[in-house]
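Here's the structure, in structure tokens; my notes come after.
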Amino acid sequence: MKRFFSVVIITISVFYSKSYSQEKVESVQDSINIFYDHFFEQLEANYLYRKNVNWSEIKPYVKKEALKKGTFEESLEVCAKLFDTIKGDHLLLFLEKKMYQSSLKRQITKEDLHSSLLAKYSEEPKFDIKVINDHYGYVFIPGMLLLNATEKELNERSQEIYDAILKVDTSNKIKGWIIDLRLNIGGNSNVMLAGLYHLIGDNTVSLYLDADRNVKNRSGLDNGIYYEDQKIQAQVKITTKPKTEIPVALITGVMTASAGEFVALGIRRRKNTVIIGEESYGLTTANDLFELPFKTKAAITLSYATDKSATFTKTIKPEIEIIKEANFQDLTKDKNVIEAINFIDTRQ
């Protein structure tokens with residue numbers, strides 16, 4: 001069966017920035033050489049599995065194949081083969097609206113998914129929040145790529161999530177919260193986690209491990225600020241004390257990937273929290289975004305992401321498993337939501 005969705009990424013920060021223009025080079029071949037020289041420079045310096053790659057063999061081969069192409073854009077197709085060769089299942093390359101990725105990713109077919117989930121996905125759903133049965137807050141967080149968003153725009157998106165949660169919480173007698181990540185196929189987890197500050201509070205969110213599985217840095221929340229390695233990545237203006245012990249049920253599914261999995265990692269060690277649903281997609285390595293020549297950007301895998309335990313798991317496994325069930329048309333009949341409400345009720 002044909003794969004029908006593209007998993008996107010967690011974007012944390014831009015580490016490398018320089019302006020380039022194809023008008024300044026003399027030929028397509030020059031453009032290709034400039035691009036691949038810079039891309040390999042970043043991969044050799046940063047890629048998590050760089051020590052396992054024979055760069056002296058791969059670089060000339062890839063450039064040779066790229067130089068056979070008639071245009072610069074066509075030459076970027078070679079990157080998909082490059083990612084496969086160096087086992088970069090989470091590596092991504094962007095050129096404006098185009099994305100190049102590895103074929104090593106897990107293949108998902110329509111048969112793997114409930115019809116209600118498919119219908120919801122086809123609608124390209126946006127962030128949503130509502131109250132179920134008068135007392136249960138429901139937060140739907142889809143993927144949010146936000147590739148070219150400014151710092152101000154990222155903070156505004158975080159604030160929208162925070163304010164929406166706070167509005168529901170202060171105007172209703174909420175017993176607990178349901179965070180639905182089933183269609184969160186990735187994007188910018190910083191925005192999502194900062195937006196969820198009212199439910200997470202001041203806490204370490206994730207740890208990042210190097211190739212030897214040693215902790216290299218950490219991310220967390222403090223007074224509405226989401227940071228990684230002491231650098232601010234997103235923030236919200238808080239207006240009240242967070243509710244760090246109110247029951248929270250996360251719902252995950254086979255399409256929960258990358259940033260969606262990072263949200264689950266960041267919350268699952270929280271008190272009074274449970275994960276319900278299906279095992280996640282399996283992209284829990286951490287990427288950062290690097291600017292490259294000619295309006296290209298690459299998401300390069302730098303580390304293993306974990307929760308506070310510092311134990312890496314490729315997927316997120318639910319504590320309460322519910323397979324291939326969904327009802328987005330009537331959430332009160334959705335078996336995942338029903339189980340989430342049962343969990344919240346037991347914690348009153």
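A salt bridge between R106 and D89 is absent, with no side-chain N of the basic residue lying under 4.0 Å from a carboxylate O of the acidic one. Ion pair K120/D180 not flagged as a salt bridge, since none of the NZ, NE, NH1 or NH2 atoms sits closer than 4.0 Å to an Asp/Glu carboxylate oxygen. Using a cutoff of 4.0 Å between basic side-chain nitrogens and carboxylate oxygens, D229 and K231 are not scored as salt-bridged.
Remark: E151 CD is loosely packed, at most 12 non-hydrogen atoms of other residues, nucleotides or ligands lying under 6.0 Å away. The local environment of NZ in K324 is crowded, with over 12 non-hydrogen atoms from other residues, nucleotides or ligands closer than 6.0 Å. In Q348, the CD atom is crowded: over 12 heavy atoms of neighbouring residues, nucleotides or ligands sit closer than 6.0 Å. Environment of NZ in K335: sparse, with no more than 12 heavy atoms of neighbouring residues, nucleotides or ligands closer than 6.0 Å. The number of heavy atoms from other shown groups lying within 6.0 Å of CD (Q230) does not exceed 12.
A donor-acceptor pair shorter than 3.5 Å can be found between the side chains of H90 and T285. There is no side-chain donor-acceptor pair under 3.5 Å between N217 and S219. Using modelled atom types, one finds no donor on one side chain facing an acceptor on the other under 3.5 Å when comparing D212 with N214. Residues Y304 and D210 have side chains that never bring a donor and an acceptor to within less than 3.5 angstrom of each other.
Criterion: ILVMFWY side-chain heavy atoms under 4.5 Å apart, direct or through other members. Under it, Y281 and L104 are not part of a common hydrophobic cluster.
In this view, K237 satisfies the salt bridge (charged side-chain N to carboxylate O under 4.0 Å, His left out) rule with no residue, not counting sequence neighbours. Applying the side-chain contact (heavy atoms from CB on, under 4.5 Å) criterion to Q29, with sequence neighbours excluded, gives S27, L67. For Y227, the side-chain contact (heavy atoms from CB on, under 4.5 Å) partners are R218, D222, not counting sequence neighbours. In this structure Y61 satisfies the ring-ring contact (aromatic ring centres under 6.0 Å, His included) test with no other residue, sequence neighbours excluded. By the side-chain contact (heavy atoms from CB on, under 4.5 Å) test, I323 pairs with E278, E321, sequence neighbours left out. Applying the salt bridge (charged side-chain N to carboxylate O under 4.0 Å, His left out) criterion to K126, with sequence neighbours excluded, gives no partner residue. Under the side-chain contact (heavy atoms from CB on, under 4.5 Å) criterion, N203 pairs with I200, K308, not counting sequence neighbours.
Atom CG of L265 is separated from atom CG of L193 by 9.5 Å, given to the nearest 0.5 angstrom. Taken from CG in D334 to CZ in R182, the straight-line distance is 4.0 Å, to the nearest 0.5 Å. Within the model, atoms CD1 of I300 and CG of L48 stand 11.5 Å from one another, a figure rounded to the nearest 0.5 Å.
Of all heavy-atom pairs between V131 and H135, the closest is CG1-N, 3.9 Å. The minimum heavy-atom distance linking Q159 with V236 is given by the pair OE1-CA, 3.2 Å. Nearest heavy atoms, I246 versus G176: CG1-CA, 3.9 Å. Listed here is the closest heavy atom pair of Y36 and A66: CE1-CB, 3.5 Å. The two residues L95 and K295 have their closest heavy-atom pair at CD1-O, 3.8 Å. When all heavy atoms of F312 and L209 are compared, the closest pair comes out as CB-CD1, 4.4 Å.
Pairs of residues two or more places apart, or lying in two chains, never qualify as ring-ring contact (aromatic ring centres under 6.0 Å, His included) while including a residue from residues 137-177. Screening residues 72-86 for side-chain hydrogen bond (donor to acceptor under 3.5 Å, both in side chains) gives E73-K98, D84-S102, D84-S103 as the qualifying pairs, with residues at least two apart or on separate chains. The stretch residues 263-277 participates, sequence neighbours left out, in these salt bridge (charged side-chain N to carboxylate O under 4.0 Å, His left out) pairs: E245-K271, R268-D307, R269-D307.
Side-chain contact between L302 and F290: present, with at least one pair of heavy atoms (C-beta onward) separated by less than 4.5 Å. When side chains are defined from C-beta on, L181 counts as touching I141, because their heavy atoms get closer than 4.5 Å. Using a 4.5 Å heavy-atom threshold, the side chains of I316 and T256 count as separate. No side-chain heavy atom of L154 sits under 4.5 Å from any side-chain heavy atom of N190. Between M99 and L92, the closest side-chain pair of non-hydrogen atoms falls below 4.5 Å. Using a 4.5 Å cut-off on side-chain heavy atoms (C-beta onward), V62 and F40 make contact. The shortest distance between side-chain heavy atoms of I129 and K167 does not fall below 4.5 Å. Counting only heavy atoms from C-beta outward, the side chains of V53 and L43 never approach each other to under 4.5 Å.
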For a side chain to side chain contact (heavy atoms under 4.5 Å, CB included) check, start with the C-alpha distance between S158 and Y226, then their side-chain angles and the critical distance, and finish with the verdict. CA-CA 10 Å; S158 295; Y226 180 82; over 6 Å; no
Kindly determine whether L91 and I86 satisfy side chain to side chain contact (heavy atoms under 4.5 Å, CB included), including the steps that lead there. CA-CA 10 Å; L91 293 172; I86 63 177; 3.7 Å; yes
I'd like to know whether I275 forms a side chain to side chain contact (heavy atoms under 4.5 Å, CB included) with K317, so could you lay out the CA-CA distance, the side-chain angles of the two residues, the decisive distance to 0.1 Å, and finally the verdict. CA-CA 8 Å; I275 299 179; K317 293 183 178 180; over 6 Å; no
Determine whether T296 and F72 satisfy the following criterion, side chain to side chain contact (heavy atoms under 4.5 Å, CB included), listing intermediate values before the conclusion. CA-CA 11 Å; T296 60; F72 173 72; 4.3 Å; yes
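Among R50, K59, K51, the one residue that satisfies the salt bridge (charged side-chain N to carboxylate O under 4.0 Å, His left out) test with E44 is K59.
Aromatic ring centres of F35 and F294: separated by at least 6.0 Å.
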List the atom pairs, with distances to 0.1 Å, where a side-chain N or O of residues 338-347 and a protein N or O form a donor-acceptor pair under 3.5 Å, not counting sequence neighbours.
unit_1: N342; atom_1: ND2; unit_2: I338; atom_2: O; d: 3.4
unit_1: D345; atom_1: OD1; unit_2: Y136; atom_2: OH; d: 2.6
unit_1: D345; atom_1: OD2; unit_2: Y136; atom_2: OH; d: 3.3
unit_1: T346; atom_1: OG1; unit_2: F343; atom_2: O; d: 2.6
unit_1: R347; atom_1: NH1; unit_2: N272; atom_2: OD1; d: 2.9

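Cluster note: I225 groups with I232 through ILVMFWY side-chain heavy atoms spaced under 4.5 Å, whether in direct contact or through intervening members.
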